[in-house]
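Remarks on the structure that follows.
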Amino acid sequence: MAEHDSFTGSNFIQNIIEEDARTGKHGGRVHTRFPPEPNGYLHIGHAKSICLNFGLAAKYGGKCNLRFDDTNPSKEEVEYVESIQEDVRWLGFDWEARLFYASDYFGELYAFAVQLIKSGKAYVDDLSAQEIKEYRGTLTEPGKESPYRNRTVAENLDLFERMKNGEFPDGSRVLRAKIDMASPNLNMRDPVLYRILRSTHHRTGDTWCIYPMYDYAHPLSDAAEGITHSICTLEFEAHRPLYDWCLEAVDHKNRPQQIEFARLGLTYTLMSKRKLRALVENGYVRGWDDPRMPTISGLRRRGYTPEAIRDFCDRIGVAKSNSVVDFSLLEHCIREDQNARAPRVMAVLRPLKVVIENYPEGQAEELEAENNPENPAMGSRKMRFAREVFIEQDDFMEDPPKKFFRLAPGQEVRLKNAYIIKCEQVVKDERTGEIVELRCTYDPDTRSGSGSSRKVKGTIHWVAAEYSAKAEVRLYDHLFTVEDPDTGEDYKTYLNPRSLEVLSGCRIELGLASAAIGERFQFLRNGYFYVDSDSAPGQLVFNRIVALRDSWAKAQKG
RNA sequence: AGGGGCGUAGCCAAGUCGGUAAGGCAACGGACUUUGACUCCGUCAUGCGUUGGUUCGAGUCCAGCCGCCCCUGCCA
């Protein structure tokens, strides 16, 4: 069990658990579960649930199971059960030996269904799906009872067994709970418990041709595992009476309690599995693990760490009001995480050549550069300095505004860890007018660490032309242009055409050339970057995880 | 309209028996700075959807009203 996550604040679920502990409700036990359906990849919203369930168990000395809710073989695949396990494990949680599947209980569930029939609480209905819908009534009008509702126990038993034996076609009959067709809660109007469905199940194969519905399988699966607190999202609130009915109807010795909380909403993205799948299948993104996706695998490939995601989940809180969290909070969490541990390196994303005219040709020297000012224990490294260097195009302006503390004609700037240079001349392409090179001079007395007392307002990063390597850098922006793209089916029109920008001519300091896939760095003054799996020897690809805060850029906009 | 929920700052979110509105993000000032980063300091609800009521005292209790979300799959 992960030791790290114990919530700092309180939430209503903890209050319930603590009250239960006080009254001895579940014998003082806390046992939760994370119950994904293996029909898609996990996203940051699932991370909230995972952190909640495993976190609660850890905090109260309980356990948390991983259980696949695999009651609908027509939508579920092993690819998903594998990715889900990988994601939960990567997030830092351990279900130990408690990996379960709802399909583990198909036999037990069937036996309970027979028991329900025997006690007159369930019946086989021959109505078609369309007829069942018509008989259900509306929000304001009660439903009508099915003409098959009062079959004898013997007939129901016979029919249900024959359903199981495959004697009837798909959809021809269902097993229904006999509850109340006039209930104001539609979920209680004789809900379907079993349907006939010929579809090969990823675990049970073709053993079954009838499959239990969620509302029936879930409470009984929870009970089978001795779950005490069954935490789910708000939309299941109206299903709670049915959850309790199932446990009561079979007179189960265990009585887990369902508690609902609000699912996570995040600005500038989607959390609907269906829509995320559509983005993948229609090629709007490169896959479930595209770094722009809010999936766990996408965030992982982007370069987010489990620690940052857990911290985020801890900070957003748990409540019952529908909420949409600012994406900036997630960004804050990864910045805080990386600020403490990412090595600083220099990388020039959009290079502009600078020739230092009074620096001897052919000369080079090694300069000391600290790896992380936040953590001196991370030491320092050497950087080569020479006559020709690259600086960021953005760090030079021919006609700068006030308070532009970077390079401009006649202006000085410090090259970080090196010297103060002065821009003497701007070289342009005669035809296009494009700035192709800067001619500068340096002050030899200002070498970093030499005790020079000269100060300039600005310090910029650089890389020596000869002692640098090329790299590709992928810059990411929000997938959508609006805060809430998840309205109806219009979401595709809000896709951000600039969500990905690929820079291929970037120059990185030489030491970085040997970086391995999965390593993270802070590119000084730029942001935090992650070595993508597309990298090959000599052809590094970096993902920008998140940019550094930039109060200058912000001031320019405002 | 029937049922179930929710409404505290731009966004999340604490708020035990009613005792005089935590914290985080964002934003905005300022200090520091060889990262316009980080860090630090300060500002940011006489106000808790709204209207009444009870009370010495109400975000907390009561009543009405308003707004938003969920429920009519043989999906989960």
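Per chain, numbering begins at 1; letters A, B, ... match sequence-line order. Because only heavy atoms are used, hydrogens play no part in the values below, and waters and symmetry mates are left out as well, while side chains stay in.
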Within less than 4.0 Å of OP1 or OP2 of [N], is there a side-chain N or O belonging to [X]?
{"X": "A/R525", "N": "B/G36", "value": "yes"}
{"X": "A/K554", "N": "B/A27", "value": "yes"}
{"X": "A/S128", "N": "B/C74", "value": "no"}
{"X": "A/N15", "N": "B/G15", "value": "yes"}
{"X": "A/S328", "N": "B/C11", "value": "no"}
{"X": "A/S321", "N": "B/A13", "value": "yes"}
{"X": "A/R136", "N": "B/C74", "value": "yes"}
{"X": "A/H332", "N": "B/C25", "value": "yes"}
{"X": "A/R549", "N": "B/U39", "value": "no"}
{"X": "A/K75", "N": "B/A76", "value": "no"}

Q) Rounded to the Å, how far apart are A/F261 CZ and B/C69 P? A)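 Answer to the nearest Å: 20 Å.
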
(Q) Heavy atoms only, 4.0 Å cut-off, all strands: where does A/A319 land among base, sugar-phosphate and nothing? (A)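 Sugar-phosphate, no base atom in range.
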
**Q.** Lys/Arg N to Asp/Glu carboxylate O, A/D337 vs A/R520, below 4.0 Å
**A.**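 Not counted as a salt bridge, because no side-chain N and carboxylate O are separated by less than 4.0 Å.
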
Q) On a plain distance test, is the side chain of A/S448 in donor-acceptor contact with the base of B/U34 below 3.5 Å? A)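 Side chain to base: pair found, below 3.5 Å.
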
Q) What form does the base of B/G24 take, syn (within 90° of 0) or anti? A)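 Chi for B/G24 falls in the anti range.
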
Q | Counter-base of B/C38, judged by Watson-Crick or G-U geometry with both distances under 3.5 Å | A |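 For B/C38, the partner nucleotide comes out as none, under the 3.5 Å rule.
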
